[in-house]
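Note sheet for the following structure.
Order of the sequence lines fixes the chain letters, A, B, ..., with proteins taken first and strands second; residue numbering starts at 1 for each chain.
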Amino acid sequence: MRLSQLFTKTSRNVPADETAKNAQLLIQAGFINKEMAGVYAYLPLGKIVLDNIVQIIREEMNAIGGQEISLTALQGKEVWETSGRWSDEVVDVWFRTKLANGTELGLAPTHEEPLTAMMKRFIDSYKDLPAFPYQFQIKFRNELRSKSGLMRGREFLMKDLYSFSTDQAQHEAFYEKIIEAYHKVFERLGLGDITYKTFASGGSFSKYSHEFQTLSPVGEDTIYVHEAKKLAINKEVFTDEVLADLGINRDELVEQTAVEVGNIFTLGTKFSEALDLTYNAEAGGSQPVFMGSYGIGPSRLMGLIAEHFADDKGLVWPENVAPAKVYLARLGDQPAVVKQADELYDRLTTAGVLVLYDDRDMRAGEKFADADLLGIPYRIVISEKTVAADSYELKARQADTAQMVKLDEVLKTLGVTA
RNA sequence: CGGGGAGUGGCGCAGUCUGGUAGCGCGCGCGGUUUGGGACCGUGAGGUCGCAGGUUCGAAUCCUGUCUCCCCGACCA
């Protein structure tokens, strides 16, 4: 993409109505636009980042049998009344609205009910199980207070997968698989080392649920980390009983603040019984389907990644989620310089490398500052110097200095095979 | 929802205490000089001070109400 064509631009001023670093940087760099408190629009570069995160999650969900769907945001109240969750006393974050004829509607804060109801069309027999539908959907939650930029919005993107199994044993087999899949997701997002499977409060069908907590000073949760076992315990369930269950001594744990980036739940037959989702068992007889739910917040992850990797010059995206791999800064518009820059841009683009080509008529300092602020992993400068040396000036985002290298070295660094 | 802070050109701010119809930086247009870490000179465009009432000869400034944003708390992917 040529920056001269990109309609967004960076700002030298930090927005005054945000204090969260992720929101400040993402707005300043033109990745997102604030619509209202806790509600953000995604601009071209931000949309690419979000899509990259989504794609990583999608690939890992598909790898374990997930099938992507897209449910609706508009919800009629009947199915929620059946499960008891239409009530404000039970779910206090509903956004409610009405049809023109007065029919009550809500904007979905989650999707257990409509999906469970829908699956009645397709689940009749044990032969139809298990099933793992999932979606990426904007959830609406009327929080009393949104905060921390993308970390906690009133409207946010969520990947929610639901498992439908014959019984607890079949359910647990999948539960273990999704834990592994989640670890892969966070590994690919560059957060593997600081993300812990965390024991949290369960429900009527399991003693615990599991959260995936990423260490961060801006986190809202307190967890107790067992580094050797690579797990953690949420403060909300931190008791002697839990320690005994896990065979852990209190002095092996370190208290940390963390951000909940994922949460997996054994739902059991809570929703299937409420909504009458049953199947005919192999041995005969009707049984309620055994369910689980599994969430990850891509938009929250984007905020967390922005916040976690940023330095004093701006964003620093991991390669897997960066809006481009290379920031190609062309200094000046002399024909030879333009030629070298255009040719490299074409070469890399053809090879499938995403390049932000800064072909704008701006000074070097501004281009360098934007390259840093946008957080693109590699910066390549083309100038009279590089033309004269038949070389390219290459610098990783976090490197202190640039190096003059030949084309093959550029291609090798960027993983382009000749 | 309780407590605290704040709303003034696109963005960041000063002016409010001590009323006299608005100023600075960035950005933007035009002309010129520049050109490797956010250049400089000149010249322009752009706001009626969140909104609604009220006090006053006169309100960004005082009073009342209201909306919005941020932070802490309570609550949450």
Partner nucleotide, any strand, of [N] [Watson-Crick/G-U, under 3.5 Å]:
N: B:U18; result: none
N: B:G38; result: none
N: B:U43; result: B:G29
N: B:C1; result: B:G73
N: B:U56; result: none
N: B:C13; result: B:G23
N: B:C51; result: B:G65

Does OP1 or OP2 of [N] have a side-chain N or O of [X] closer than 4.0 Å?
X: A:K139; N: B:C76; result: no
X: A:T19; N: B:C70; result: no
X: A:R300; N: B:A77; result: no
X: A:R145; N: B:C72; result: yes

Hey, does [X] reach any base, or is it just sugar-phosphate, or nothing, if we go heavy atoms under 4.0 Å?
X: A:R330; answer: nothing
X: A:E393; answer: base
X: A:V381; answer: base
X: A:D370; answer: base
X: A:A369; answer: base
X: A:M362; answer: nothing
X: A:S209; answer: nothing
X: A:Q28; answer: nothing
X: A:G153; answer: base

Open item on the list: Does A:R141 qualify as a cation-pi partner of A:F95, given the criterion of NZ or CZ under 6.0 Å from the six-membered ring centre and within 45 degrees of its axis?
Closed with: no

Task: Face-on cation placement of A:K230 at A:Y196 ring, 6.0 Å and 45° thresholds - done: yes

Report the nucleotide, chosen from [options], that has the shortest atom-to-atom distance to any side-chain atom of [X].
X: A:A16; options: B:G12, B:A74, B:U35; result: B:G12
X: A:R152; options: B:A77, B:U35, B:C71; result: B:A77
X: A:N13; options: B:C76, B:C69, B:G12; result: B:G12
X: A:R12; options: B:C26, B:C72, B:A77; result: B:C26
X: A:K34; options: B:G37, B:C69, B:A77; result: B:C69

Task: First encountered from the 5' end of RNA chain B, between A:G365 and A:G38 - done: A:G365

- [ ] Name the residue closer to the 5' end of RNA chain B, choosing between A:L331 and A:F265 according to the nucleotide with the nearest heavy atom.
- [x] A:L331

Open item on the list: With hydrogens left out and only the distance checked, is there a donor-acceptor pair under 3.5 Å joining A:D372's side chain and the base of B:G37?
Closed with: yes

Whole-Å gap separating [atom2] ([N]) and [atom1] ([X]):
X: A:E236; N: B:C75; atom1: CD; atom2: P; value: 11 Å
X: A:E143; N: B:C76; atom1: CD; atom2: C1'; value: 5 Å
X: A:L150; N: B:C70; atom1: CG; atom2: P; value: 12 Å
X: A:E220; N: B:C71; atom1: CD; atom2: P; value: 11 Å
X: A:L144; N: B:U68; atom1: CG; atom2: P; value: 13 Å

Could [X] and [Y] be called an ion pair, given the rule that one side-chain N must be under 4.0 Å from one carboxylate O?
X: A:E60; Y: A:R188; answer: yes
X: A:R85; Y: A:E112; answer: yes
X: A:K34; Y: A:D17; answer: yes

- [ ] Could you tell me whether the side-chain ring of A:F156 sits stacked on the base of B:A77, using a centroid cut-off under 5.5 Å and a plane angle under 30°?
- [x] yes

Task: Residues A:T198, A:L231; criterion side-chain contact (heavy atoms from CB on, under 4.5 Å); working and verdict - done: CA-CA 6 Å; A:T198 302; A:L231 58 78; over 6 Å; no

Task: Any side-chain donor near an acceptor of the partner, A:E68 and A:N62, under 3.5 Å - done: no

